[in-house]
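First comes the structure, then the notes that go with it.
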Amino acid sequence: MRYLSVCSGIEAATVAWHHMGWEPAAFADIEAFPSAVLAHHYPSVPNLGDMTKFKEWDIGAIDLLVGGTPCQSFSVAGLRKGLEDPRGNLALTYCAILDKFKPQWFVWENVPGVLSSNGGRDFGAFLGAVAELGYGFAYRVCDAQWFGVPQRRRRVFVVGCLGDWRSAAEVLFEPESLRWDLAPSREKGQKVAPTVVQGPPYSRTGNERVECDAIVLGNVEGGNATTLSAREYKGLSCGRDGMTSAAVVYEAQPMAVRRLTPTECERLQGFPDGYTQIPWGKKPEAPDSLRYKALGNSMAVPVMKWIGEGIDDVSSLD
C-alpha cells in the first residue's frame, strides 16, 4: 500500500503502518518542529509542505490518502467549481487531493465536535463531497483508551473506499465490536487499556486538540513525583484550568501534583520512547513545549494501527 499523508504532524500513521510494509509516498506539513521530526526519522520521504499547492505535486499513483483537516462548510452543489481553487478551506483541499490522485482508500480524522459543528452541516458537507467524488464511506468515533493506551481520547474517523461503502464499513465495524459489552479489537484477547486519563485540562496554544499537557498525581519518593505506569493510573478528570475541577483517585500516599513528562505523552499516544526527542537548532534536544504540542496534535498510534490493519485485511479479500 503506497500512501500520501497530509497534515502529517509527527506521523502516527507511518509509525502504525510500517510493520505491514506500507510505503509513504510523501508527507505534507508546514509546522517547523513536526517537519524536523519527520526529517529525522524519515529522511528519504519528501515533505511537500503546504498542501494547498497540491497541483504542483508529482508523486505518482497512491493507494491511500490519510490526514486530519479542519472541517469547514462548503457547497456540495458547487464542489467541482470549488475544487479549481480550494485555498482557504483545507477540508475542500483534502477533497481536491482525492480528486487529483483518486486513491482506492482514504482515512480522515477529526475531533468529535465536528459532528455538531454548524449544526452538523460542516461534516455533512464533507461527507457529501467525498460521495460526489465517488467514494463510499463509513465513520465512527474511536476512543484511544480501548486500544491499549491509558488515555480517553475520542476522535471521529472516516474511512472511504472508491465506489464501495461496504468495504469501508468492514474496516470500522466488526460483528463483535458492535456488542455493547466489548471494546473494539481486531485480535482475540487484545488487552484493553486498564485505566483512563481524561483531557484536555487546558491548552497553551488555544488548540483544543492539544491534550498532552495533563496533570497527574504520583507517589512521592525523595521529594519528586515518580513516573506512573499505565496500571497505576486510576482516573483523572481535569478542567480547562488544569486544576480546579480535578477529581483523582490514587491509592498511594503522600501525593504530589506534576505534569506528564514528554516520554509519558509519547506512551499515551503509542509512540516509542524518545520519538520526539530530536536535536533542535544548536541544542541536542528539543524543548519539552514543542514535544508536548506535537504529541497533543497527533493521532493515537494504536487506533491508526487498527484501522490500517482493517484496510489491509479487506484489501486482501479483493
Exercise. Would you sort out whether M20 and E309 count as a side chain to side chain contact (heavy atoms under 4.5 Å, CB included), showing the intermediate values?
Key: CA-CA 8 Å; M20 297 185 294; E309 289 175 348; 3.8 Å; yes
Quiz item: Going through the checks in order, is the side chain to side chain contact (heavy atoms under 4.5 Å, CB included) test met by T93 and R87?
Solution: CA-CA 7 Å; T93 300; R87 290 175 297 179; 5.9 Å; no
Quiz item: What do the steps show when you test V171 against V107 for side chain to side chain contact (heavy atoms under 4.5 Å, CB included), and what is the final call?
Solution: CA-CA 11 Å; V171 172; V107 178; over 6 Å; no
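A pairwise comparison of heavy atoms in C95 and V130 identifies SG-CG1, 4.2 Å as the closest pair. Residues G9 and P34 come closest through the heavy atom pair O-CB, 3.6 Å. Nearest heavy-atom pair across K305 and A16 is N-CB, 3.4 Å. Listed here is the closest heavy atom pair of Q151 and L268: NE2-O, 3.1 Å. Closest heavy-atom contact between P103 and Y135: O-OH, 2.6 Å. The shortest non-hydrogen separation linking D29 to S35 is O-OG, 3.3 Å.
Within the 3.5 Å criterion, the main-chain N or O of L92 finds a donor-acceptor partner in the side chain of N89. Although no hydrogens or angles enter the test, the distance criterion places no donor-acceptor pair under 3.5 Å between the side chain of S5 and the main chain of S8. Counting only distance, with no hydrogens or angles, the side chain of Q269 and the backbone of S298 share a donor-acceptor pair below 3.5 Å.
Put simply, OG1 on T14 and CE on M304 are 9.0 Å apart, with the number rounded to the nearest 0.5 Å. Note that the CG atom of L162 and the CG atom of D63 stand 11.5 Å from one another [nearest 0.5 Å]. With rounding to the nearest 0.5 Å, the separation of CD in E109 from OG1 in T69 is 9.5 Å. Note that CD of Q145 is 5.5 Å distant from CZ of R152, once rounded to the nearest 0.5 Å. For the atom pair CG (L83) and CG (D99), the distance works out to 5.0 Å, reported to the nearest 0.5 Å. Of the inter-residue distances, the one linking E31 atom CD with N47 atom CG reads 11.0 Å to the nearest 0.5 angstrom.
For the pair W105/S167, a side-chain contact is recorded, criterion being any heavy-atom separation below 4.5 Å from C-beta on. The shortest side-chain heavy-atom distance between I311 and M1 falls under the 4.5 Å cut-off. Within the 4.5 Å cutoff, side-chain heavy atoms of Q104 are placed close to those of C161. Side-chain atoms of C7 and M51, non-hydrogen and from C-beta on, do get closer than 4.5 Å to each other. Side-chain atoms of V111 and R155, non-hydrogen and from C-beta on, do get closer than 4.5 Å to each other. For the pair W22 and D312, the minimum side-chain heavy-atom distance is below 4.5 Å. In this structure the side chain of F271 reaches within 4.5 angstrom of the side chain of L295, judged on heavy atoms. Side chains of L133 and L79 form a contact here, defined as non-hydrogen atoms less than 4.5 Å apart.
Ring-plane geometry between Y42 and F27 is classed as perpendicular, the angle between the planes exceeding 60 degrees on a 0 to 90 degree scale with a lower cut at 30. Ring planes of Y275 and H41: parallel class, angle under 30° (limits at 30 and 60°). The aromatic rings of W57 and F54 stand perpendicular to each other, their planes meeting at an angle above 60°, with 30° marking the opposite boundary. Ring geometry, W280 versus F33: the interplanar angle exceeds 60°, so the pair is classed perpendicular (tilted spans 30 to 60°).
Following chains of ILVMFWY side-chain contacts shorter than 4.5 Å, one cannot reach I30 starting from L290, and the two form parts of different hydrophobic clusters. F173 and F147 fall within the same hydrophobic cluster, defined by Ile, Leu, Val, Met, Phe, Trp and Tyr side-chain heavy atoms under 4.5 Å apart, directly or through other members. Clustering ILVMFWY residues whenever any of their side-chain heavy atoms sit less than 4.5 angstrom apart, transitively, puts V141 in the very cluster that holds F106. In terms of hydrophobic clustering, with Ile, Leu, Val, Met, Phe, Trp and Tyr side chains grouped at heavy-atom distances under 4.5 Å, I278 and L38 are assigned to a common cluster. Clustering ILVMFWY residues whenever any of their side-chain heavy atoms sit less than 4.5 angstrom apart, transitively, puts L127 in a cluster other than the one holding V76.
Side chains of Y292 and T276: a donor-acceptor N/O pair is absent below 3.5 angstrom, by distance only. For the residue pair H18 and E11, no side-chain donor N or O sits within less than 3.5 Å of a side-chain acceptor on the partner.
Aromatic rings of F126 and W108 (six-membered ring for Trp) have centroids within the 6.0 Å cut-off, being under it.
Around atom OH of Y139, no more than 12 heavy atoms belonging to other residues, nucleotides or ligands sit under 6.0 Å away. Summarising the local packing, NZ of K102 is surrounded by more than 12 heavy atoms from other residues, nucleotides or ligands at distances under 6.0 Å.
For E266 and R291, the salt-bridge test passes: some basic side-chain N is under 4.0 Å from an acidic carboxylate O.
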